[in-house]
Amino acid sequence: MNTMNVMDRTLETKTTKIAARDVNVYYGDTHAIKDVNVKIEANTVTAFIGPSGCGKSTFLRCLNRMNDTIDICRVTGDILLDGEDIYDKRVDPVQLRAKVGMVFQKPNPFPKSIFDNVSYGPRIHGLARNKAELEEIVEKSLRRAAIWEEVKDRLDAPGTGLSGGQQQRLCIARAIATEPEVLLMDEPCSALDPIATAQVEELIDELRASYSVVIVTHSMQQAARVSQKTAFFHLGNLVEFGPTGQIFTNPEDPRTESYITGRIG
Amino acid sequence: MPTFWLVVLLLALSALGFAMGRRRALASAGGNPRNLHSLPNYYGANVAMSTAVPALAILAIWLLVQPIVIENRVSALIPETSIPENTSLSLVMSDVRRLAEGLDEAVNQSFLTQKQSFALDSATSDIRSDLGAVGVALGSEVRPEVLEAAQSYRQLSSSGATLMTVVAVLSALVGFFLAYRNSDKEFRARNVVERGVMALLVLAASLAILTTVGIVLSMFFETMNFFGLHNWRDFFFGTTWAPNFRGDSELSILPLLWGTLYISAIALMVAVPVGLFAAIYLSEYAGSTVRAFAKPLLEILAGIPTIVYGLFALLTVGPLLLKLFGQGENGVFGLTWMSGATSVLTAGVVMGIMLIPFVSSLSDDIINAVPQALRDGSLGLGATKSETVRQVVLPAALPGIVGAILLAASRAIGETMIVVMGAGAIAKFSGNPFESMTTITTRIVSQLTGDTDFASPETLVAFALGLSLFVLTLGLNVLALYIVRKYREQYD
């Protein structure tokens, strides 16, 4: 137990990027998320794991208010980004989403050219003053998403013509082109083969240097490989949250242990 | 036997076949359906099908072919010399048919016996007045060769009908027994019925196609007749539309085509923005409750008969536009651009209103079909709703929307009632939207409903106009399909 306290203390020194306090989410009459408290730190990869339907994607979508687009969804409790409540009336969800970017489960490139896909965000938010700057942003984003070498000769080709793994990396490039502070990833590798998965995982690890990354995954190996902190959700509850090493080797809650060893889920 | 009772007999036979086939198949399996290859009903259906289908098919073909054969054989009986001047063989033949029907009617009403009716002689009895008494009016006195032809017509018809009955019933019985004998537990009745179902579907599909071909061909032949009477250069390249019922008319499609396209263009200018924006609101912004009643309400517009839109144009929109753009000092703006309520603008605006539900309903479906993942992707990057719609949703839905617009355009080009009541009847080239103009469709109506001889170019021009219209809308539809297909590949 002593070792754990030491670990906790070292992690406490990092700044908290997002803090969720007593978050409850309802879809109509269904209580999807129950009293979740979690602190997501800067420059850390946090993994959400749990069986299907446990609410991890729902909670992820609360972090950039994507649930606002669902009519019957209701969120209570506080979610603080840099100490400010993102569900406050004064917060513009559109601007929030520029700060908290998102990558989805299925690659969803727009039916536009590769260049237009990546420049979409910067254009909307006016991040580039001229064409040259825009091209620079696009190149930088594609490079950081580790796809530049593959597409640099065909930036005018449609993004939908790329392979699944390339499409997902294009979507990551598109998300980081708007310079977000937090990157939410909802099962980003579930539609990819092992090689593309490895590329994306490597990328996630590199992205940690500049962003906080929150990743939802069904693969426990993936969570163990890429994350520093792991949260285990079950039936809408946050069962356990802690350093990844501890969750996978020495979980406190019997449910976590059952899930990790494959007995539930 | 009248055809109706013959059909009833065949159907009864096939119903009997269903019951018997089913029973025999079950009996062959010892009463246990699990030992059968197919469900018992399939055996019944197989027998019913084999009984009814060939017999009914024979019946249908016989009914179509018999009159043609009889016609040919009887018309050969009429000598060339007995055809009066200024008439044709077909007129004499219609006399023959009428006389034959009259004699049959007289027998039916027991005015004559069958024997008497065949023993009639045009020299000794007054057939015309006799038939007049049973309610059949003949156009002229009956000449001996016509009577002879009519008698032979009756003879052939009645023996044809008897033969038809015999053949149809025979084929039904043969089908019945063959299928009945086959109703055994090993027989694959289910597969046979499956083929029967497919044949039914193929028949339905080919009927639809054949009808289209028939319509086009009938138009085509009349059009050829028209071009035999009227110079095609004047029709396609002339500049004046001036039908003159005493003949020697100038019949050019161009002024009508201009009016058609002008009015359609104005209609689309009204319908496309309004319809598209309504569709965007309904699919992207409206809550489910608003959508639930706004969409049906909008679609009610599509259910209004076009004649009602025509009244709306005549009584409301026309006078309103006149008040805005005409009437000089008495008008709202003091303008004198418009002199009457009927104008291109009136018809165009009302037609545009009519097309709004077309555009909005189709576009709404197409916009809804754009994957939610694309919207999420855009919203997740911090785009607003309208940015998402403008830059992601609409480009993705564009091919479908273009298709919807082109469908609305072909609807506008084919529209008649609104134009009759809203646009006037003057064919001319003019760019002024406040003037009266007319379209192809309304001219077809007025040319066909006149009093002129059907064989005159003034009437036949309607078919040439109709065929041109058909080619125009067909071209638009093909273009719509092409665009939809081409861009769909690019986006999916």
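The chains referred to below are lettered A, B, ... by the order of the sequence lines, with proteins before strands, and numbering in each begins at 1. Reckoned from all heavy atoms, side chains included, excluding hydrogens, waters and symmetry mates.
Residue Arg61(A) touches chain B through its side chain alone, counting heavy-atom pairs closer than 4.5 Å. The contact between Val100(A) and chain B is made entirely by backbone atoms, counting heavy-atom distances below 4.5 Å. In this structure, chain B has a heavy atom under 4.5 Å from the backbone of Pro109(A), while its side chain stays farther away.
Among residue pairs with one or both ends in residues 270-287 of chain B, those qualifying as side chain to side chain donor-acceptor pair (under 3.5 Å) are Glu284(B)-Arg375(B); sequence neighbours excluded.
The CZ atom of Arg97(A) sits 10.0 Å away from the OG1 atom of Thr384(B) when rounded to the nearest 0.5 Å. Distance check: Asp376(B) CG to Met66(A) CE gives 4.0 Å after rounding to the nearest 0.5 Å.
For Lys295(B), the NZ atom is densely surrounded, since the number of other residues' heavy atoms within 6.0 Å is greater than 12.
At a heavy-atom cut-off of under 4.5 Å, chain B is reached by Tyr120(A), Ile124(A), His125(A) from residues 117-127 of chain A, listed in order of number.
Considering only heavy-atom pairs separated by less than 4.5 Å from chain B, the leading option among Asp92(A), Leu96(A), Asn108(A) is Asn108(A).
For Tyr26(A), the ring-ring contact (aromatic ring centres under 6.0 Å, His included) partners at least two apart in sequence or on another chain are His31(A). Every residue meeting the ring-ring contact (aromatic ring centres under 6.0 Å, His included) condition with Tyr262(B), not counting sequence neighbours, appears here in chain and number order: Trp258(B).
Contact annotation: the side chain of Leu379(B) never approaches that of Pro93(A) to less than 4.5 Å [non-hydrogen atoms, C-beta and beyond].
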